[in-house]
Amino acid sequence: MSRRSSGDGDVKGFDVWAHSPSAVTGQWHALAEHVRSTARLARSFAVSFGAADLAWALGLVHDAGKCSAEWQSKLQRVAATGERVGIDHKRVGALLVRDRALAAAMAVSGHHGGLGRVRSLAALTPEPGDRETLRRFLAVVPEASALADGPSLLPEAWGESPMVGEMGVRMVFSALVDADHLDTAAHAHGLAAPRVAPPADMGGLVRRFEANRVALLAERGDGREVSDVDRVRAALYEDVVRRAVGEPGVYRLPAPTGSGKTMTAAGFALHHAAEHGKARVVVAVPFTTITQQNAGVYRDLLGDEVVLEHHSNAELDDRRLRLAAENWDSPFVVTTTVQLFDSLFGRRPARSRKLHRLANAVVVLDEVQALPMSLLVPILDALKVLTRHFGTTVLLASATQPSFEHLRVWDSLDIKPLVDAPVELFTRLRRVRYEWQVDPQPTLAQIAEQVARERQALVIVNTVGQARRLFRMVAEQAPAAEVVHLSTRMCPRHRETALTRIRGLLDDGEPVLVVSTQLIEAGVDVDFPVVFRALAPAESLQQAAGRANREGRLPGLGRVVVFDASDAPVPRFYRAGVSKTLGIFGPGRDPDDPALLDRYYRSLYTGLNVDEAERGAVIQASRMELDFEAVADGPERDGGGGKRDRGLAFRMIDEDPVSVIVTEYDPEARAAELVERLRTGSGPLGAVLRELRGHMVSLPRAVATAPHVRALCKPVIAGHEDLWEWQGGYDVHVGVDEEAIGEDTVW
């Protein structure tokens with residue numbers, strides 16, 4: 001190998017390298033080259049939130065510790081094996097900039113393991129050999145010597161409140177780790193420079209969107225008379241988009257189901273981005289089913305190369321997979337609220353690297369009523385900080401608009417309405433009538449009998465187990481009908497195939513009965529004459545009603561049957577909302593009434609004491625203390641010792657999901673090959689993970705670790721328990737059925 005470091009000089013004959021040779025070019029990666037490239041990239045990412053100089057400094061020093069003789073010697077020994085060096089290289093750089101970067105120096109100390117807590121940074125002290133390591137570093141990167149002394153590098157606005165500073169640390173950490181990963185990937189793949197997309201031409205995207213929208217609407221309306229619903233949708237779109245010139249901030253779109261909200265929200269976001277120079281649009285929805293559906297619509301309108309669909313939970317911090325994590329370098333991103341907020345409050349590089357993309361962006365929160373109550377305060381506070389200090393515009397889009405302004409965290413926030421008369425709009429688009437079967441309570445078998453008598457019907461229940469039971473009951477009651485099951489135990493490709501089949505049968509007027517979990521109730525574009533909905537909070541009932549007579553083509557109103565089956569109890573997590581729902585809604589008092597919904601949300605927030613809820617309060621306190629570990633993993637239990645209370649951590653899904661890759665549902669027989677590529681780390685892994693998302697099923701960890709289920713799971717990466725290969729059976733109707741495992745075993 002060369003005995004010099006890219007013309008940056010050597011240190012007494014000692015070359016300084018950041019990474020072992022690229023498998024593509026065979027060239028070693030000079031440390032000076034790597035840190036300078038990382039610093040330049042980090043600076044460019046942080047310009048949008050006013051921290052360019054800070055990000056450059058962090059990028060320049062992040063690998064300073066690699067200059068130690070011990071680290072370089074170990075790199076030489078393991079270069080050919082792929083093993084880790086395993087010697088800390090973060091302390092020297094963090095100490096070098098700590099006095100000027102203050103808490104942001106945590107980004108350096110955590111750029112591999114994740115953000116920790118600020119008191120650990122304060123307690124950091126030099127170790128023997130650090131002085132010599134620093135001397136070696138400054139010899140090859142002499143410009144870093146200016147970073148030891150001088151004024152604070154933190155933007156002045158970050159001192160306004162601890163929460164602004166906390167978000168600033170997250171943002172600059174994101175810029176650093178993304179830059180680091182991109183430059184490392186460029187070296188590994190033999191590229192001349194890191195791959196970074198050019199700035200988006202938002203004006204051009206607006207023109208493309210509008211032209212394709214007109215063409216799409218013309219195609220949909222070909223051969224049929226323009227309906228009243230079509231006229232309402234068109235007027236709503238024009239009125240909302242006209243308001244996109246408004247100043248950045250928080251906007252509310254209370255659009256009834258079936259009003260064209262998906263297209264209207266995107267139109268507003270793109271026009272607003274073009275008007276105000278925003279870098280991208282990020283659309284977040286609660287379920288992967290809607291992610292896939294909406295991403296398909298947006299790809300038709302904007303082009304495949306523009307729209308990034310990202311909803312994988314399989315973001316491991318294994319070093320071979322870090323470079324495959326998405327960083328949202330796209331002008332239009334479609335993701336899930338789980339992915340968005342678990343990343344926003346996470347601490348690991350793989351999740352955090354995308355966060356800087358939220359600065360100077362338009363974030364559309366679709367079906368915003370699905371945000372978890374226990375996390376509302378930290379979520380709303382973070383959104384407020386993003387809009388006030390990081391150039392983000394937030395659009396709250398839903399037919400079921402929560403009254404967030406009644407919570408203290410948002411009581412002073414100016415929320416700009418995009419619809420002047422929501423009650424009138426809801427009245428014009430009323431397309432269903434509600435029926436209540438809650439007293440006396442029916443049984444699931446009785447509901448199955450009613451469903452089986454329908455030609456086309458949708459049933460939505462509250463749990464996966466209830467969906468499987470009712471599906472089999474309906475299939476037995478209606479042997480001549482096509483009965484379809486939908487749940488998250490089916491892999492995305494399976495669900496997509498099922499939904500395509502359902503829509504085809506509906507469009508052709510053929511009989512079809514569907515039994516589903518909640519995944520279909522919010523935003524999924526299906527249209528049934530009758531919908532049965534198991535008793536749930538009002539927002540879920542209203543969302544389910546949006547699947548009935550969606551296009552307004554029935555001669556009368558569609559039917560929504562709300563039932564409370566005696567043998568399918570309401571899950572614990574729904575009980576508070578159901579109690580408030582039964583007190584406010586019922587015969588003659590529909591969940592579609594905006595005034596009653598506002599009353600419901602006020603009552604719910606008060607009853608649950610959302611403002612003072614323990615989980616949200618603990619998370620906020622941890623954020624104030626810049627304890628990122630406590631936010632993401634929970635505070636330490638009494639006595640410490642590394643034990644943390646995960647029940648008080650920020651997690652959008654309390655069940656703690658594990659992703660299993662199903663290779664059995666695979667018409668092209670590629671999934672097994674892709675799993676093997678992932679297991680061996682061969683080739684670029686980003687594309688492999690993206691393709692495998694269609695084969696992933698998310699299981700609650702409590703289910704996945706049960707002995708009879710765990711026996712059928714094989715870790716994709718040895719030693720990692722977050723991504724498994726499913727080696728059990730896969731039911732062609734219901735997908736992974738853990739309840740059926742072992743029923744017919746011999747031993």
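All residue numbers in this chain count up from 1 along the given sequence.
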NE2 of His310 to CG of Leu689, rounded to nearest 0.5 Å, is 8.5 Å
The single option from Val464, Val461, Val697, Val734 that satisfies side chain to side chain contact (heavy atoms under 4.5 Å, CB included) with Ser487 is Val464
Between the NE2 atom in His181 and the CG atom in Leu41, the distance rounded to the nearest 0.5 Å is 12.5 Å
Here the gap from Asp737 atom CG to Arg489 atom CZ, rounded to the nearest 0.5 Å, amounts to 9.0 Å
Report task. Determine yes or no for a side-chain-to-main-chain donor-acceptor pair under 3.5 angstrom, with Ser352 supplying the side chain and Pro349 the backbone. Result -> no
Any luck finding a side-chain donor-acceptor pair between Asp178 and His356 under 3.5 Å? yes
Tightest non-hydrogen contact, residues Gln401 and Leu396, listed as NE2-O, 2.9 Å
| message | With a 3.5 Å distance limit and no angle check, can you tell me whether Lys278 reaches the backbone of Gly391 through a side-chain donor-acceptor pair? | response | yes
What orientation do Tyr251 and His272 show, parallel under 30°, tilted 30 to 60°, or perpendicular over 60°? perpendicular
Across all chains, not counting sequence neighbours, the ring-ring contact (aromatic ring centres under 6.0 Å, His included) partners of His695 are none
Q: Evaluate side-chain contact (heavy atoms from CB on, under 4.5 Å) for Arg252 paired with Lys416, printing each intermediate quantity in order.
A: CA-CA 6 Å; Arg252 169 173 281 153; Lys416 305 172 181 65; over 6 Å; no
task = Can you label the angle between the Tyr665 ring and the His494 ring as parallel, tilted or perpendicular, going by 30° and 60°?
result = parallel
* To do: Report the C-alpha separation of Leu358 and Phe390 in whole Å, then their side-chain angles, then the decisive distance to 0.1 Å, and conclude whether the side-chain contact (heavy atoms from CB on, under 4.5 Å) test is met.
  => CA-CA 8 Å; Leu358 297 178; Phe390 293 88; over 6 Å; no
Asp329 bridged to Arg195 by N-O distance under 4.0 Å: no
**Prompt:** According to the interplanar angle, ranging from 0 to 90°, do the rings of Phe345 and Phe341 count as parallel (below 30°), tilted (30 to 60°) or perpendicular (above 60°)?
**Reply:** tilted
Closest non-hydrogen contact found for Met106 with Ser109 is O-OG, 3.2 Å
_Measuring only between side-chain heavy atoms, which start at C-beta, is Leu386 closer than 4.5 Å to Met171?_
yes
Only one of Thr663, Val675, Ile661, Val736 passes side chain to side chain contact (heavy atoms under 4.5 Å, CB included) with Trp726, and that residue is Val736
**Message:** Do the side chains of Glu691 and Arg677 get close enough for a salt bridge, i.e. N-O under 4.0 angstrom?
**Reply:** no
Here the pair of heavy atoms bringing Gln293 nearest to Asp525 is OE1-N, 2.6 Å
> Can you tell if the side chain of Glu166 reaches within under 4.5 Å of the side chain of Phe628, non-hydrogen atoms only?
Replying inline: yes
Item to complete: Find out whether Val610 and Tyr601 are in side-chain contact, i.e. whether some heavy atom of one side chain is under 4.5 Å from a heavy atom of the other.
Response: no
In terms of heavy-atom contacts, Val658 and Ala704 come closest through CB-CB, 4.2 Å
Rounding to 0.5 Å, atoms CG (Leu302) and CZ (Phe332) come to a distance of 6.0 Å
request  = Would you indicate whether the side-chain heavy atoms of Phe49 and Met167 approach each other to under 4.5 Å?
outcome  = no
message: Set out, in order, the CA-CA distance, both residues' side-chain angles and the distance that settles side-chain contact (heavy atoms from CB on, under 4.5 Å) for Trp158 and Val172, then state yes or no.
response: CA-CA 12 Å; Trp158 292 13; Val172 80; 4.3 Å; yes
| task | Determine yes or no for a side-chain-to-main-chain donor-acceptor pair under 3.5 angstrom, with Trp328 supplying the side chain and Val333 the backbone. | result | no
Set out, in order, the CA-CA distance, both residues' side-chain angles and the distance that settles side-chain contact (heavy atoms from CB on, under 4.5 Å) for Gln369 and Gln542, then state yes or no. CA-CA 11 Å; Gln369 78 287 341; Gln542 194 206 35; over 6 Å; no
inquiry  = Heavy-atom count check: over 12 atoms from other residues, nucleotides or ligands less than 6.0 Å from Glu673 CD?
reply    = yes
Does Phe650 have Arg615 sitting over its ring (NZ/CZ under 6.0 Å from centre, angle to axis within 45°)? no
For this session: State, with a plain yes or no, whether a side-chain heavy atom of Leu418 is found less than 4.5 Å away from one of Leu395.
Result: yes
Rounded to the nearest 0.5 Å, the CZ atom of Arg710 sits from the CG atom of Leu699 at a distance of 12.0 Å
Within the distance-only criterion (no hydrogens, no angle test), does the side chain of Arg644 pair as donor or acceptor with the backbone N or O of Gly634 below 3.5 angstrom? yes
Check your understanding: Would you find a donor on one side and an acceptor on the other, under 3.5 Å apart, between the side chain of Glu738 and the backbone of Val709?
Key -> no
NZ/NE/NH1/NH2 to OD/OE distance under 4.0 Å, Glu496 and Arg493 = no
Under a 3.5 Å distance rule, please check whether Arg495 uses its side chain to pair with a backbone N or O of Met490 as donor and acceptor.
yes
Exactly one candidate in Leu413, Leu383, Leu371 meets side chain to side chain contact (heavy atoms under 4.5 Å, CB included) with Phe404; the answer is Leu371
**OP:** Indicate yes or no: does Glu309 engage Arg693 in a salt bridge with an N to O separation below 4.0 Å.
**Re:** no
Does some side-chain heavy atom of Met202 sit less than 4.5 Å from a side-chain heavy atom of Val362? no
With a 4.5 Å cut-off on side-chain heavy atoms, are Leu723 and Leu678 touching? yes
Okay, side chain of Asn360, backbone of Gly277: is any donor-acceptor separation there less than 3.5 Å? yes
Quick check: does any side chain N or O of Ser659 sit under 3.5 Å from a backbone N or O of Ser698, one acting as donor and the other as acceptor? no
_Distance alone, cut at 3.5 Å: any donor-acceptor contact between the side chains of Thr393 and His276?_
no
Nearest heavy-atom approach of Ser259 to Thr264 is O-OG1, 4.4 Å
Only residue of Asp627, Asp342, Asp633 satisfying salt bridge (charged side-chain N to carboxylate O under 4.0 Å, His left out) with Arg347 is Asp633
Are the side chains of Val164 and Arg388 in touch, meaning some heavy atoms are under 4.5 Å apart? no
Rounded to the nearest 0.5 Å, the CG atom of Asn294 sits from the OG1 atom of Thr262 at a distance of 4.0 Å
Looking only at heavy atoms, the pair that brings Val688 and Leu674 closest together is CG1-O, 3.5 Å
Looking at Val631, is its backbone amide N or carbonyl O close enough to the side chain of Arg623 to form a donor-acceptor pair, meaning the two atoms are under 3.5 Å apart? no
* To do: Could you tell me whether a side-chain N or O of Gln518 sits under 3.5 Å from a main-chain N or O of Asn462, the two making a donor and an acceptor?
  => yes
